[in-house]
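In this text the structure is predicted, and so the values were computed from the model without any measurement. One-based numbering along the sequence shown. The basis for the numbers below is simple: all heavy atoms, side chains too, and nothing from hydrogens, waters or symmetry mates.
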Amino acid sequence: MKKHLIGRPVPRKEGRAKVTGQARYVDDLVFPGILYGATVRSRVARGRIKGISFGEGIPWHEFTIVTAKDIPGENYVALIAHDQPYLADGVVNHSEEPVVLLAHPEKYLLEEARRAVQLEIEPLRPTFTIEDSLSKKEIIWGEDNVFKSYSVEKGNVDEVWARADFIVEGEYRTGAQEQLYIETNGMIAVAIPEKGVTVWGSMQCPYYVHKALMALFGLPADKVRVIQSETGGGFGGKEEYPSMIAGHAALLAWKSGKPVKIIYDRAEDMAATTKRHPSRTRHRTAVSKDGKLLGMEIDFVIDGGAYTTLSPVVLSRGTIHAPGPYSCPNVRIRSRAVATNAPPHGAFRGFGAPQSIFALERHLNRVARAIGLTPEEFRQRNFIQPGQTTATGQVIRENVNMNHLLERALALSDYHAKTARFARENSGQRRKKGMGFASFMHGAGFTGSGEQYLASVVELEATPQGRVRVLAASTEIGQGTNTIFSQIAADALGLDYDSIEILKPDTASVPNSGPTVASRTCMVVGKLVEAAALGLKQTLVGSGFLQEGYTPAGFERACKRYIESHGPLKSSSQYQPPPGIHWDDATYYGDAYGTYAWAVYVAEVTVDTVTFETEVNDFVAVQEVGKVIHPVLAAGQIEGGVAQAIGYALYENVVWNEGRMLNSQMTNYIMPTAVDVPPIRVFFEELPYSYGPAGAKGLGELPMDGAAPAIVNAIENATGVSIHHIPVMPESLMEALAVTEKAVERA
């Protein structure tokens with residue numbers, strides 16, 4: 001038997017097709033008689049629609065025009081709440097809200113027509129900030145502008161303050177961030193009332209789109225088909241939003257009777273689609289004189305934008321991760337997702353955890369300083385240990401050793417020697433250097449009962465030629481799904497890597513293995529692939545056609561004989577929670593995740609006190625992620641996540657004006673380039689998790705969580721200036737340095 005593909009850097013499954021240009025993205029697909037679609041959007045943040053007019057000089061009779069009255073089913077994007085319309089009907093709640101759809105065979109005439117549509121909207125008073133939303137100056141959603149709230153209680157926080165030796169408070173903010181995937185959103189739809197709707201597109205979650213289209217058209221499941229085309233990146237930005245653009249393309253196709261393609265240009269994609277939720281976090285922390293955490297009170301608020309989208313689950317993860325990898329006997333967390341008149345915010349890598357972890361890791365440096373300890377010593381005294389409980393009452397059953405991770409990261413980065421040297425050398429220098437770190441964890445898989453609710457299914461099918469097909473809805477979006485599934489299946493079956501085929505996600509042929517989100521693809525769905533592969537093997541062994549110790553040639557013969565005598569050779573596996581996992585949705589208490597990945601990141605920075613620019617010079621990322629399936633892809637996930645988080649920390653500033661993104665182009669929305677990204681040194685610890693394939697955990701979101709606080713902690717180490725928000729743009733650093741200098745002068 002061939003084995004041991006896991007842990008090896010095998011070639012990417014889809015790599016050849018991508019580098020040779022054979023891979024077909026949605027804009028490469030061509031259909032006879034195709035029309036091109038466009039969206040007419042509101043330019044008013046909040047208001048009542050009074051009329052729609054179509055300007056002169058456009059042959060409107062050639063166009064397919066769709067408004068809310070043309071929708072055959074329900075006018076909402078079916079997700080969590082049914083509050084977001086496909087097309088505004090009567091009112092608009094953000095400045096990019098879709099109102100009219102147009103389709104025409106000529107792209108350029110289509111764009112002229114879009115500009116010629118005039119929307120008459122009576123403005124209403126909008127709400128743009130978390131504070132205004134919480135103050136209820138204007139009610140734009142429900143009774144109190146709160147989409148969702150959570151409350152987590154552990155111990156008795158109220159009685160802690162009187163016996164604390166130190167009480168430290170702080171407020172921290174994070175901004176929006178654009179996913180900025182290479183390929184913009186795009187969909188093609190064919191819709192015929194008597195036959196149903198089929199869409200092809202760039203997406204992460206085919207069954208999300210499937211569910212949404214069923215409601216939009218009032219069709220049964222077998223009349224809606226969703227096919228993922230090659231997808232050029234997602235990062236969460238193609239989790240829920242593809243349901244919107246798929247619906248728009250399908251509505252135009254339904255009315256016109258022709259295929260319709262909608263491809264957003266970069267400006268529309270950046271301005272109209274979801275982004276990372278801005279946040280505000282307030283901490284109040286009680287500490288003893290020997291540096292032990294006594295109590296943590298955390299108020300965590302995210303800006304959801306105009307509609308619910310995925311805000312409740314983003315808020316959930318941010319809430320649970322807010323206390324970090326620390327043991328504290330008394331914890332209170334209050335969290336809310338609030339409505340504003342900005343385009344809805346949604347999924348983005350990390351999913352709420354980067355916001356609350358940034359606040360915590362900045363705050364704990366402040367706490368350490370207040371009690372006279374170094375940041376590392378304070379954390380070492382408070383890291384959670386096996387057998388201790390999280391804020392939700394989850395017992396840590398793994399042999400986690402955060403002290404070891406911290407010591408290794410500090411040693412690899414030469415943290416102590418560099419910190420001492422920089423302190424000596426920075427005095428009087430224009431360019432000041434500093435070191436900073438962050439310690440954190442990230443739960444793998446859906447929160448709480450989420451995986452049980454999904455009940456994901458994977459199927460494997462063998463051919464007479466001894467090839468094995470993996471049928472799953474999990475999408476390849478650049479992260480390596482096809483490759484690791486092939487490694488897992490091949491190892492479980494003792495086959496060659498090339499004998500495994502991953503079918504393209506298509507709701508007509510693959511079961512629902514759940515969305516490609518939440519660091520669940522490898523750990524949860526990969527485990528189902530492994531289980532289905534073992535089931536396939538057991539079927540052949542149990543039938544007598546296959547003997548233990550077989551070769552790939554023997555497997556092929558067994559498959560052929562089985563299929564000839566019994567018919568199709570298939571095996572399926574459905575998710576079952578690991579034993580001992582319990583979660584109470586009502587009380588928000590119990591095992592929030594089956595397991596966590598754990599990490600310590602260290603950043604070295606240089607701050608120019610004349611230009612106020614910050615450079616990241618070196619970065620060390622140490623993480624425990626269970627068994628590493630593919631070392632190159634795993635390291636690439638960490639490197640890419642850190643690079644993305646460097647942008648979150650220093651560069652990617654969404655500029656808002658009356659709820660509209662002003663810098664919706666890559667010329668003025670600044671992301672880090674190769675020049676701005678330092679060497680990222682990636683190190684893994686492997687503590688296999690029993691309920692992951694070969695012991696693997698999820699790792700895709702983890703690197704997004706810790707890089708920003710590590711960088712800002714390093715800025716403070718270099719300059720002595722305490723920054724409480726990201727991104728740290730040069731102008732904000734200039735202002736902070738000026739405030740600090742004035743305070744020193746007054747002293």
Side-chain angles (χ1 to χ4, degrees), residues 127-137 141-162 164 166-176 276-287 293-305 311-326 328-340 345 350-367 370 382 390-393 438 440 447 587-589 592 705 708-709 712 722-726:
T127 295
F128 297 127
T129 68
I130 287 173
E131 284 71 24
D132 282 350
S133 184
L134 289 172
S135 72
K136 306 175 191 174
K137 288 182 179 179
W141 197 91
E143 296 181 358
D144 56 5
N145 288 338
V146 175
F147 291 129
K148 186 68 176 179
S149 63
Y150 295 104
S151 176
V152 175
E153 293 273 355
K154 176 187 179 184
N156 189 338
V157 173
D158 291 329
E159 64 88 28
V160 164
W161 313 112
F166 300 91
I167 298 174
V168 184
E169 299 185 19
E171 180 177 297
Y172 310 88
R173 292 177 181 268
T174 64
R276 186 184 301 284
H277 292 72
S279 75
R280 186 200 74 187
T281 308
R282 290 173 175 167
H283 276 267
R284 188 178 188 220
T285 307
V287 193
L293 286 167
L294 300 177
M296 304 172 76
E297 188 168 47
I298 305 170
D299 182 77
F300 177 57
V301 187
I302 61 173
D303 177 350
S311 291
V313 280
V314 172
L315 182 72
S316 167
R317 187 172 288 264
T319 300
I320 291 169
H321 287 74
Y326 305 100
C328 184
N330 305 285
V331 180
R332 174 184 292 145
I333 310 169
R334 297 284 184 269
S335 64
R336 287 147 292 171
V338 300
T340 61
H345 300 298
F351 215 71
Q355 292 94 314
S356 61
I357 289 172
F358 170 78
L360 176 69
E361 288 300 293
R362 287 296 297 126
H363 184 68
L364 292 189
N365 271 28
R366 175 183 279 185
V367 174
N382 291 284
T390 67
T392 66
F440 56 102
T447 303
T587 60
Y588 228 61
Y589 188 82
D705 295 342
V712 181
S722 188
I723 303 290
H724 307 306
H725 65 273
I726 49 175

Report task. Could you check Asp299 against Arg284 for salt bridge (Lys or Arg N to Asp or Glu O under 4.0 Å), going step by step and ending with a plain yes or no? Result -> CA-CA 9 Å; Asp299 182 77; Arg284 188 178 188 220; over 6 Å; no
Query raised in the report: Ser133 side chain to Ala339 main-chain N or O, any donor-acceptor pair under 3.5 Å?
Result: yes
Report summary line: Closest non-hydrogen contact found for Lys154 with Ala391 is CB-O, 3.6 Å
Report summary line: By side-chain contact (heavy atoms from CB on, under 4.5 Å), Arg173 pairs with (sequence neighbours left out) Glu131, Glu171, Arg280, His725
Query raised in the report: Looking only at heavy atoms, what is the nearest atom pair of Ile130 and Pro278, with distance?
Result: CD1-O, 4.3 Å
Query - Passing candidate, side-chain contact (heavy atoms from CB on, under 4.5 Å) with Val367, options Ile167, Val168, Asn382 - result: Val168
Query raised in the report: Can you tell if the side chain of Ile320 reaches within under 4.5 Å of the side chain of Tyr588, non-hydrogen atoms only?
Result: yes
Report task. To the nearest 0.5 Å, tell me how far Arg336 CZ sits from Phe300 CZ. Result -> 11.0 Å
Query - Heavy-atom closest contact (Pro323 atom, Ile333 atom, distance) - result: CG-CD1, 3.5 Å
Report task. Drop me the distance from Thr285's OG1 to Ile298's CD1, to the nearest 0.5 angstrom. Result -> 7.0 Å
Query - Heavy-atom donor-acceptor pair, Lys148 side chain to Val314 backbone, under 3.5 Å - result: no
Query raised in the report: Is a side-chain donor or acceptor of Asn145 paired with a backbone partner of Lys136 at a separation under 3.5 angstrom?
Result: no
Query raised in the report: Is the side chain of Tyr150 donor-acceptor paired with the backbone N or O of Pro312 at a distance under 3.5 Å, no angle test?
Result: yes
Report task. Over all heavy atoms of both residues, which pair between Leu294 and Ala164 is shortest? Give the atoms and the distance, please. Result -> CD1-CA, 4.0 Å
Query - Closest non-hydrogen atom pair between Ala592 and Thr392, with its separation - result: CB-OG1, 4.2 Å
Report summary line: Value for OG (Ser279) from CD1 (Ile726), rounded to nearest 0.5 Å, stands at 7.5 Å
Query raised in the report: Can you check whether Arg276 reaches Pro354 side chain to side chain, under 4.5 Å on heavy atoms?
Result: yes
Report task. Answer yes or no: is there a donor N or O on one side and an acceptor on the other, between the side chain of Gln355 and the main chain of Ile302, under 3.5 Å? Result -> no
Query raised in the report: Are Leu134 and Val338 close enough that some pair of their side-chain heavy atoms sits under 4.5 Å apart?
Result: yes
Requested in this report: Sequence neighbours left out, what passes side-chain contact (heavy atoms from CB on, under 4.5 Å) with Ala359? Give chain and number order.
Outcome: Tyr172, Thr281, His283
Query raised in the report: Does Arg334 reach the main-chain N or O of Val301 with its side chain, forming a donor-acceptor pair under 3.5 Å?
Result: no
Query raised in the report: Hey, which of Arg362, Glu361, Arg366 is the one that makes side-chain contact (heavy atoms from CB on, under 4.5 Å) with Leu364?
Result: Glu361
Report task. Flag yes if more than 12 heavy atoms outside Phe166 fall under 6.0 Å of its CZ atom; otherwise flag no. Result -> yes
**Report entry** With sequence neighbours excluded, residues passing salt bridge (Lys or Arg N to Asp or Glu O under 4.0 Å) with Arg332
**Finding:** Glu153, Asp158, Glu297
**Report entry** Side-chain heavy atoms of Leu360 within contact of Phe440, under 4.5 Å
**Finding:** no
Requested in this report: Could you verify whether a donor N or O on one side chain and an acceptor N or O on the other, from Arg317 and Ser356, lie under 3.5 Å apart?
Outcome: no
Query raised in the report: Can you name the nearest heavy-atom pair linking Asp705 to Gly350, along with the distance?
Result: OD1-CA, 4.0 Å
